[in-house]
Amino acid sequence: MHLFITYTIFGLVLGGVYGIAASGLVLTYNTSGIFNFAHGAEAMLGAFIYWEFRFNLHWPAPLALLVVLGGFGPLMGWLLYVLIMRGLRDTAEVTKVIVTVALMLGMLYLSDWIWNPLIPRTIVQFFGPTSNAHIFGAIVPIHQIIALAVAVAIAVGLRVFFYRTRIGVVMRGAVDDPGLLQLNGHNPDRAAALSWALGSFLAVLAGILITPVSGGNLEANALTLLVLDAIAAAVFGRLRSVPRTFIGAMVLGLANNYVLAYFPSSWSWTSDFRVSLPMIVLFAVLVVLPQDRLRGATVLRTRERFRVPSVRTAVIAAVTFVFVVVLLRQLMVDSDVTTFTIGLTFSIVALSLTLLTGYAGEMNLAAVSFGAIGTMIVFHNGITGHGLASRTTVQWVVVGTLITALVGAVVSLPALRLRGLYLGLATLAFGVFLTDMVLMDVNPHQLPLLHTRFSLFSAGAGIGSLVMPPLKIGPLDLADGTSFLVTVAVVFAVLGVGLVALRNSSYGRRLTAMKDSPAASATLGQNLLKLKVSVFTLSAAIAGLGGILMSTALGSVTSGNYDIFLSLSLIMLTVVAGIGYVSGALFGGLLSGVGFGLVVATFNNLANNHVSLHGLWATIAHVAAVLPALIGIGVGMNPTGSVHQVVDSYRTLRDNRPVLVGGAVVEAVLYVLAVVGAIGNWWFAVLTSVLVMVLPLVGQYTSPVAVRERAAEVPLELTGIDTPYTDELRSQLDHALGIDDVARVDRRRAVGREGAGGPEAGAAPAPPVLEGAGDAGA
């Protein structure tokens with residue numbers, strides 16, 4: 001009985017802290033419509049700053065708490081809303097998610113910069129580790145009693161705040177009808193800023209309380225994910241109800257401790273199951289609880305604009321891309337070839353996001369996790385030979401890709417009723433579950449009726465790692481780095497052309513219709529369930545193929561290669577580059593896979609090799625590590641993506657041949673200088689980047705009129721959205737839709753009827769069909 005009481009009290013304490021963190025999530029989501037993935041990182045930063053004041057500078061605990069909870073926490077939340085979140089109005093759900101993901105990653109990098117993760121730090125319980133109380137015979141630390149009391153006070157206080165205070169009612173009104181609230185003289189922005197300040201306060205409070213409960217060690221990644229577990233409780237409250245959120249948190253905390261208390265310790269998976277439990281609960285809650293109905297039949301108006309290239313353009317771009325890769329190979333040493341190959345495999349995984357998120361509007365926050373599934377299948381079945389002669393067989397690469405697609409379809413089945421943020425959370429739960437429960441399982445198992453013992457992620461290759469030999473496709477042996485690089489480039493190019501062709505097909509248009517307005521699409525007879533399963537299956541297959549190629553390019557992989565943070569970083573940089581473009585996937589994958597890591601490693605090497613400038617180079621390396629997060633935060637200013645801006649600027653140069661030819665000549669000279677060794681590869685890359693940025697400016701300076709005319713052109717798919725209709729635009733639309741041909745036929749028929757004695761002489765002429773059709777098209 002003592003055991004039950006002890007673990008029940010500990011479970012209530014853990015649930016109470018989850019409730020505090022989850023209520024902050026509910027607050028910010030309700031008043032701004034933004035789900036804050038950086039909530040756990042805010043808690044982590046607050047805990048680190050509390051440690052700095054309390055244990056490093058030895059401030060008294062009340063003073064440290066006052067400064068951190070009363071100053072830092074609310075100020076951080078208020079600044080986040082005023083400087084960043086307020087600018088995310090009228091953006092797509094994925095853009096809002098990505099900005100908070102970038103914030104989370106930025107805070108993690110910042111904490112590693114300020115507090116060296118190699119130095120252990122501990123937050124001691126309030127009143128010391130030996131301060132205990134006896135409750136029904138159970139020994140309970142005073143810190144946990146305080147945490148439970150604070151959780152109860154927060155729950156009651158929030159209830160009173162929202163229903164008994166004027167500002168609380170205003171904040172609730174900001175959720176229901178901000179426009180009506182504004183008409184009554186209140187400021188919805190001020191209410192939202194206040195909610196972010198209050199939410200940040202709750203996150204920091206949860207971080208300070210939960211760290212001693214979970215052992216006391218300060219570790220940035222673990223603490224961030226620990227507070228993210230509170231998402232399950234927030235979703236249980238449907239991101240709206242604080243009381244239901246606290247109930248869900250209590251159930252989660254109790255379940256977590258009962259698993260620890262009553263599951264047999266001989267079960268090798270008990271520990272992993274306990275760690276995965278919040279994500280399992282999150283997935284179950286998302287699937288079981290009723291969700292919001294499909295939004296209205298109106299088209300969702302967002303600031304994202306993606307032009308659709310033709311298949312012919314895509315083919316030309318694909319051939320050019322492979323040709324450029326072959327040229328760049330001539331500048332690389334062998335290690336660079338491997339690095340570039342790994343980056344391209346990440347780009348292939350990113351293509352799955354272009355299809356799923358860019359085209360269909362569905363979210364997947366765990367794309368890299370699907371690569372782990374394909375890799376495990378190929379590792380256990382598709383390797384022939386031994387030692388250096390071992391090779392990966394192409395047949396099992398195909399089978400691994402197909403099975404990954406099947407897993408994607410199975411994962412999508414329970415999530416069919418989800419979309420947007422809820423689907424993103426479901427895939428996040430799947431990715432964390434796969435990492436904690438499957439990839440961490442290094443113990444050998446034996447299936448019933450089978451005599452072979454196996455382990456999922458460690459068989460025959462050392463604990464926690466898989467050795468993936470090079471791929472062999474008939475006579476083509478990809479043990480050669482150049483062959484592997486060109487093959488991966490061709491695979492990316494072919495997939496890119498395929499995606500553009502798919503986007504231009506009727507299937508692609510149905511995906512876009514589902515993305516813009518699911519309700520209208522369903523009303524017009526589209527089978528949304530079939531569309532969702534098919535696009536999720538295709539996306540998982542692409543991610544699985546990219547993951548297998550990534551594993552073989554790396555040669556040896558561990559569970560860390562499929563970490564959920566890597567998936568989040570990949571989708572963040574793909575959105576930054578342009579989630580609706582194949583080129584966005586290319587740059588997002590390269591930057592996520594190797595780009596920024598290579599830059600950070602280069603500056604770290606410079607710091608180690610130049611002692612006198614160690615501080616300077618180390619600082620630049622830290623700035624480079626934080627840079628991706630800063631770029632991600634800025635995506636709200638340009639939600640369409642940076643590639644879109646560059647491509648658009650070159651579109652204005654289409655008729656300015658002297659500038660284009662001159663730029664090509666300069667680039668050719670730079671390439672020759674790099675080949676002969678007159679300039680290094682870094683200089684070649686820097687000068688090429690400068691040339692790419694400068695050419696549109698040169699074109700604008702030399703022929704400003706032509707550039708303005710080109711810039712004023714509006715793609716037909718954006719007609720009526722970004723610009724008003726004109727007679728010329730109507731005519732272009734009629735021609736593109738074939739309406740003018742129909743009108744011409746109707747006129748001929750009318751003339752024929754008149755010639756055959758149709759309308760009587762003097763009768764009014766038939767109305768112009770073309771005008772009517774144009775209006776209908778409008």
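All heavy atoms count here, side chains included; hydrogens, waters and symmetry mates do not.
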For [X] and [Y], which heavy atoms make the closest approach, and how far apart are they?
{"X": "G46", "Y": "V68", "result": "O-CG1, 3.8 Å"}
{"X": "L344", "Y": "L590", "result": "N-CD2, 3.8 Å"}
{"X": "L69", "Y": "P74", "result": "O-CD, 3.0 Å"}
{"X": "A543", "Y": "A367", "result": "CB-O, 3.7 Å"}
{"X": "A47", "Y": "G207", "result": "CB-O, 3.9 Å"}
{"X": "A43", "Y": "A203", "result": "CB-O, 3.1 Å"}

Mind checking whether [X] and [Y] have side chains closer than 4.5 Å, heavy atoms only?
{"X": "F35", "Y": "L25", "value": "yes"}
{"X": "M107", "Y": "M76", "value": "yes"}
{"X": "L434", "Y": "I373", "value": "yes"}
{"X": "W115", "Y": "L45", "value": "yes"}
{"X": "I34", "Y": "T28", "value": "no"}
{"X": "L254", "Y": "L12", "value": "yes"}
{"X": "I142", "Y": "F126", "value": "no"}
{"X": "I210", "Y": "Y18", "value": "yes"}

Next item on the list: Check each of V378, L549, L554 against M468 using the side chain to side chain contact (heavy atoms under 4.5 Å, CB included) test, and report the only one that passes.
Entry: V378
Notebook entry, point to check: After noting the C-alpha distance and the side-chain angles of L63 and V67, does the key distance pass the side-chain contact (heavy atoms from CB on, under 4.5 Å) rule?
Noted result: CA-CA 6 Å; L63 179 60; V67 172; 4.3 Å; yes
Item checked: Working for side-chain contact (heavy atoms from CB on, under 4.5 Å), residues F53 and L65 -> CA-CA 9 Å; F53 290 151; L65 287 173; over 6 Å; no
For the atom pair [atom1] ([X]) and [atom2] ([Y]), what is the distance rounded to the nearest 0.5 Å?
{"X": "L209", "Y": "H143", "atom1": "CG", "atom2": "NE2", "answer": "5.5 Å"}
{"X": "Y50", "Y": "T211", "atom1": "OH", "atom2": "OG1", "answer": "10.0 Å"}
{"X": "F201", "Y": "E42", "atom1": "CZ", "atom2": "CD", "answer": "13.0 Å"}
{"X": "Y562", "Y": "T375", "atom1": "OH", "atom2": "OG1", "answer": "3.0 Å"}
{"X": "L425", "Y": "L365", "atom1": "CG", "atom2": "CG", "answer": "7.0 Å"}
{"X": "M85", "Y": "T100", "atom1": "CE", "atom2": "OG1", "answer": "6.0 Å"}

Taking the side chain from [X] and the backbone from [Y], do they hold a donor-acceptor pair closer than 3.5 Å?
{"X": "S352", "Y": "I348", "answer": "no"}
{"X": "S200", "Y": "G73", "answer": "yes"}
{"X": "T574", "Y": "G588", "answer": "no"}

Next item on the list: Show your reasoning for whether side-chain contact (heavy atoms from CB on, under 4.5 Å) applies to Q144 and L148.
Entry: CA-CA 6 Å; Q144 305 219 17; L148 184 57; over 6 Å; no
Note to self: Does W113, at its CH2 atom, have more than 12 non-hydrogen atoms belonging to other residues, nucleotides or ligands within less than 6.0 Å?
What the structure shows: yes
Next item on the list: Answer yes or no: are there more than 12 heavy-atom neighbours, outside F587 itself, under 6.0 Å from its atom CZ?
Entry: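 Atom CZ in F587 is not packed in, count stays at 12 or less.
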Margin query: As a quick check of understanding, evaluate side-chain contact (heavy atoms from CB on, under 4.5 Å) for F565 and L108, giving each step before the final call.
Written below: CA-CA 10 Å; F565 288 115; L108 284 172; 3.6 Å; yes
